Protein chains: 2
Amino acid sequence: MATATRSTKYRRQSDTDLSRMEIMEGAALCFEARGYSATSLDEVAARIASTKGRIYHHYASKAELFLDVYRTGMMMNFQAIEPILERDMPPIERLKAVLKAHVMCVIRTKAFQNVVGQGVDMLRHGTMPANEHAELRQLAQLRDTYSEHFSKVLEDAMAAGDIEFANIKIALNSVFMCINGPIVWFTPRKGQDQKEIEAVADECVLYAIRLLGYTGKTP
Amino acid sequence: MATATRSTKYRRQSDTDLSRMEIMEGAALCFEARGYSATSLDEVAARIASTKGRIYHHYASKAELFLDVYRTGMMMNFQAIEPILERDMPPIERLKAVLKAHVMCVIRTKAFQNVVGQGVDMLRHGTMPANEHAELRQLAQLRDTYSEHFSKVLEDAMAAGDIEFANIKIALNSVFMCINGPIVWFTPRKGQDQKEIEAVADECVLYAIRLLGYTGKTP
DNA sequence: ACTTGAACATACTATCGAGTATGTTGTCAA
DNA sequence: TTGACAACATACTCGATAGTATGTTCAAGT
């Protein structure tokens, strides 16, 4: 019986997760298109051919839904780069690989990454109700951790003499602006296959490492 | 009498412009902080220690106010770079100068530039009431013209052999992401003088031209 | 002095959307 | 089979805010 109960529980949990993911995907698209506050939950519901009741069954508030999309977007980023951080390779190659993985991830999860950006802004400007503000701060720490990973990779490559920059804060910000660019300007074309997308990503990575003073050869 | 009438008219026009500018500055700060739709006109009014009545005396709608801020932001950009475009100088130097001027301008007019960004997004995603949509398109054309100026400067520098890139659209987008970065991440410190701000701008420009393959010497 | 109109402020309306309360359906366990 | 509960849908409430209608002030023209 214990087994039966547990399997049931798991299946249900799985169903719930699926439903929440569907809601999040609709929400991410709406938030991306119109921004957090301009998006009504009725719109989100309509996008997934459903109703507001379903959303409120899974989320206590609009803010919680937003935060879940935010968190999920960050998780996608971590999953994209963490395997590479553990691999043993020359710093400059790791840098390239991490940048590439990030760009590919943001292109694939564009809507979610846009929400992440909105979340960062929200914290910066201190909007959003006070009760959810705490979770927003927590998520911002997650973002800082993510940023720290890049800092490390940058410093390693710097120490190896492959790149050079003056102020690491400005350099890192500029790199992020560059590799996050597709979130803003990338629009998927019809019939655009994986190869073409990779070509775009490669060019972004090229510009990002050039920005860091990489010349293509180790002098 | 004609003279008197005209001088009166001018003074009044000047007063009106001043009042509108004050409203726009408050609006720009609010829109930057909370986004277009999350910003109420009561907030904007409060920020300039005034009331909604004053805003509606000068603007027919919230959208019109937004569009005026947008337009003003673009004008600021044009005024920053146009003198340089007319100067006679080597392409690479002109490129550097234009980038520097742009960065200084966005730092100085941060809130307005943020609104410009929101306006671009709005057009891209087709939000905003249909009647104002036309003017939004018009403003987007202004933005395209601005972008065209940079394209020209890039191509000249490319022809002179000072920089090189694969796809000009991606390169230009990346450059813009980089030099518009301060709109997102720059926060003015107290007691930060002009010199320090220029140092930040210079570093942004450095990264932007590096991104374009500039090595510092003409090979 | 008095009229006029610009430049506001004040007081109100009407709508939209977040949140809630309640109803319906299907599934599983006992 | 029935009771319970998850997973929704439907139907409401209520506060916030864009927009409007009206009142007030003051400076300039006559």
Side-chain angles (χ1 to χ4, degrees), chain A residues 1-24 26-27 30-31 33-68 127-132, chain B residues 1-24 26-27 30-31 33-68 127-132:
Chain A
M1 192 184 90
T3 316
T5 303
R6 217 167 63 195
S7 90
T8 296
K9 208 169 165 188
Y10 282 161
R11 192 164 60 72
R12 285 209 171 143
Q13 183 59 39
S14 165
D15 285 357
T16 294
D17 287 349
L18 275 177
S19 188
R20 285 168 70 110
M21 182 53 87
E22 192 188 2
I23 293 171
M24 278 194 282
C30 290
F31 289 152
R34 327 206 352 144
Y36 172 70
S37 46
T39 300
S40 76
L41 291 183
D42 285 316
E43 287 179 66
V44 175
R47 184 147 228 158
I48 57 174
S50 184
T51 67
K52 204 161 53 171
R54 180 174 168 197
I55 297 177
Y56 275 101
H57 178 72
H58 289 279
Y59 294 99
S61 70
K62 185 182 175 185
E64 268 204 11
L65 170 58
F66 178 85
L67 290 169
D68 203 22
T127 171
M128 178 141 297
N131 36 338
E132 279 94 358
Chain B
M1 190 181 93
T3 317
T5 304
R6 217 169 62 196
S7 89
T8 297
K9 208 171 163 188
Y10 284 161
R11 193 163 60 70
R12 285 208 172 144
Q13 182 60 39
S14 164
D15 286 357
T16 294
D17 288 349
L18 275 176
S19 189
R20 286 168 69 110
M21 182 53 86
E22 192 188 2
I23 294 171
M24 277 193 281
C30 290
F31 289 152
R34 327 209 345 146
Y36 172 71
S37 46
T39 300
S40 76
L41 291 183
D42 286 316
E43 285 179 66
V44 176
R47 184 149 228 157
I48 57 175
S50 184
T51 67
K52 204 162 53 170
R54 180 174 168 197
I55 297 176
Y56 275 101
H57 177 74
H58 288 278
Y59 295 99
S61 69
K62 183 182 175 185
E64 269 206 11
L65 171 57
F66 177 86
L67 290 170
D68 203 22
T127 170
M128 179 140 297
N131 35 340
E132 279 94 357

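Lettering follows sequence order; numbering is per chain, from 1. Model, not experiment: these values are computed from the prediction.
Distance, D42(A) CG to dT10(D) C1': 12 Å, rounded to whole Å. Rounded to a whole Å, the CD atom of E64(B) is 14 Å from the C1' atom of dA18(D). Atoms CZ (R54(B)) and C1' (dT20(D)) sit 20 Å apart, rounded to a whole Å. L41(B) has its CG atom 16 Å from the P atom of dT10(C), to the nearest Å. Note: CG (N131(A)) to C1' (dA18(C)) measures 14 Å, nearest angstrom.
The shortest distance between the side-chain N/O atoms of S50(A) and the OP1/OP2 oxygens of dA9(D) is below 4.0 Å.
As judged by a 4.0 angstrom heavy-atom cut-off over every strand, S37(A) is placed among residues making no nucleic acid contact. Contact annotation for T51(B): base contact, defined as any heavy-atom pair under 4.0 Å involving a base atom.
With dA18(D), dC8(C), dA7(D) as the choices, the nucleotide that has an atom nearest any side-chain atom of T16(A) turns out to be dA7(D). For H57(A), counting side-chain heavy atoms from C-beta on, the closest listed nucleotide (dA18(D), dA18(C), dC8(D)) is dC8(D). Of the listed nucleotides (dG19(C), dG19(D), dC8(C)), dC8(C) has the atom at the smallest distance from the side chain of H58(B). Among dC8(D), dG19(C), dG17(C), the nucleotide with an atom closest to any side-chain atom of S40(A) is dG17(C).
A cation-pi contact links K62(A) to Y36(A), judged by a cut-off of 6.0 Å to the six-membered ring centre and 45° from its axis. For R20(B) and Y59(B), the positive end sits near the middle of the six-membered ring, less than 6.0 Å away and at most 45° from its axis.
Using a 3.5 Å distance cut-off with no hydrogens or angles, the side chains of S61(A) and E132(A) do pair a donor with an acceptor.
Each of G53(B) and Y56(B) has a nearest nucleotide on DNA chain D; the 5'-most of these lies closest to Y56(B).
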